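Have a look at the structure below, then the notes.
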Amino acid sequence: MITIAHYALVKLSEVKADTDADKAEWFVLSDAPSLAFDHDKILRDAFYRLKQDIHFQPVGFELLPDVFTLPQLQNLYESILEVKFDRRNFANKMKHFGMLSEVEDDTPRHGTRTPIKYRFDKENYDRLKAKGFQLEF
């Protein structure tokens with residue numbers, strides 16, 4: 001038996017189940033039920049690959065909505081890399097590389113409690129990639 005597997009990045013907001021998936025569920029990877037055949041290994045291998053790709057591709061930005069907050073971005077990276085980051089260090093690092101563009105909106109800001117919204121700056125990211133950039137934590 002030969003198994004060919006692919007993994008894809010899909011925004012949760014864009015997932016639409018058809019009637020044959022009425023009982024489909026989302027699981028935290030560590031809580032996923034045991035799968036048939038070699039599918040447990042395939043799932044682990046795909047997750048390992050995602051953890052590698054996050055350093056070389058804009059994985060995090062592909063999984064978030066077009067406009068997001070730094071806490072959302074940090075939560076995503078922490079979930080994939082299975083680590084905890086210092087909030088300020090993570091924010092400074094992401095801002096330092098110029099991969100984020102602040103989004104102006106009409107949300108009233110109440111001190112530092114209202115998160116600033118950002119958008120992924122693909123042009124700057126592509127320029128960094130052309131120079132051999134990889135995101136290290």
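Owing to the predicted nature of the structure, the values given are computational and were not obtained by experimental measurement.
Applying the salt bridge (charged side-chain N to carboxylate O under 4.0 Å, His left out) test to D40 and every residue at least two apart in sequence or in another chain returns nothing. The side-chain hydrogen bond (donor to acceptor under 3.5 Å, both in side chains) test applied to R44 returns no partner, not counting sequence neighbours. Residues that satisfy the side-chain hydrogen bond (donor to acceptor under 3.5 Å, both in side chains) test with S79, not counting sequence neighbours, are absent from this structure. Every ring-ring contact (aromatic ring centres under 6.0 Å, His included) that H39 has, sequence neighbours left out, goes to F37. For K84, the salt bridge (charged side-chain N to carboxylate O under 4.0 Å, His left out) partners are E78, not counting sequence neighbours. Every salt bridge (charged side-chain N to carboxylate O under 4.0 Å, His left out) that K41 has, sequence neighbours left out, goes to D45. Applying the side-chain hydrogen bond (donor to acceptor under 3.5 Å, both in side chains) criterion to N124, with sequence neighbours excluded, gives D121, R127. Under the side-chain hydrogen bond (donor to acceptor under 3.5 Å, both in side chains) criterion, E14 pairs with no residue at all, not counting sequence neighbours. Annotation: ring-ring contact (aromatic ring centres under 6.0 Å, His included) contacts of F120 (sequence neighbours excluded): F61, Y125. Qualifying ring-ring contact (aromatic ring centres under 6.0 Å, His included) partners for F97, counting only residues two or more places apart in sequence or in other chains: F133.
Rounding to the nearest 0.5 Å gives a distance of 15.0 Å between CZ of R119 and NZ of K122. To the nearest 0.5 Å, the span separating OG on S101 from NZ on K117 amounts to 16.0 Å. Taken from CG in L81 to NZ in K51, the straight-line distance is 7.0 Å, to the nearest 0.5 Å. Taken to the nearest 0.5 Å, the CD1 atom of I80 stands 12.0 Å off from the CD atom of Q52. Of the inter-residue distances, the one linking L100 atom CG with I116 atom CD1 reads 11.0 Å to the nearest 0.5 angstrom. Here K11 contributes atom NZ and L63 contributes atom CG; the two are 8.5 Å apart, rounded to the nearest 0.5 Å.
Under the 3.5 Å distance criterion, the side-chain polar atoms of K129 are left unmatched by any main-chain donor or acceptor of Q57. Although no hydrogens or angles enter the test, the distance criterion places a donor-acceptor pair under 3.5 Å between the side chain of H55 and the main chain of L135. Checking side-chain atoms of D31 against main-chain N and O of F27 turns up no donor-acceptor pair under 3.5 Å.
Members clustered with I4: I2, by chain and number, using a 4.5 Å side-chain heavy-atom cutoff among hydrophobic residues. V28 shares a hydrophobic cluster with no other residue; no ILVMFWY side chain has heavy atoms under 4.5 Å from its own.
One hydrophobic cluster, built from ILVMFWY side chains closer than 4.5 Å, holds both W26 and V10. Taking hydrophobic clusters as Ile, Leu, Val, Met, Phe, Trp and Tyr residues chained together by side-chain heavy-atom distances below 4.5 Å, L29 shares a cluster with V83.
Minimum interatomic distance between Y118 and V103 (heavy atoms only, all atoms of both residues): C-CG2, 3.6 Å. Looking at every heavy atom in both residues, L70 comes nearest to F90 through O-CE2, 4.2 Å. Scanning both residues, F85 and Q74, for their nearest heavy atoms gives O-NE2, 2.9 Å.
Using a 4.5 Å heavy-atom threshold, the side chains of L9 and L50 count as touching.
No more than 12 heavy atoms of other residues, nucleotides or ligands lie within 6.0 Å of CD in E123, so this atom counts as exposed by the packing criterion.
Side-chain contact of D53 with Y7: a donor-acceptor pair under 3.5 Å is present, judged by distance alone.
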Stepwise side chain to side chain contact (heavy atoms under 4.5 Å, CB included) test for Y77 and V59:
CA-CA 9 Å; Y77 273 79; V59 169; 5.6 Å; no
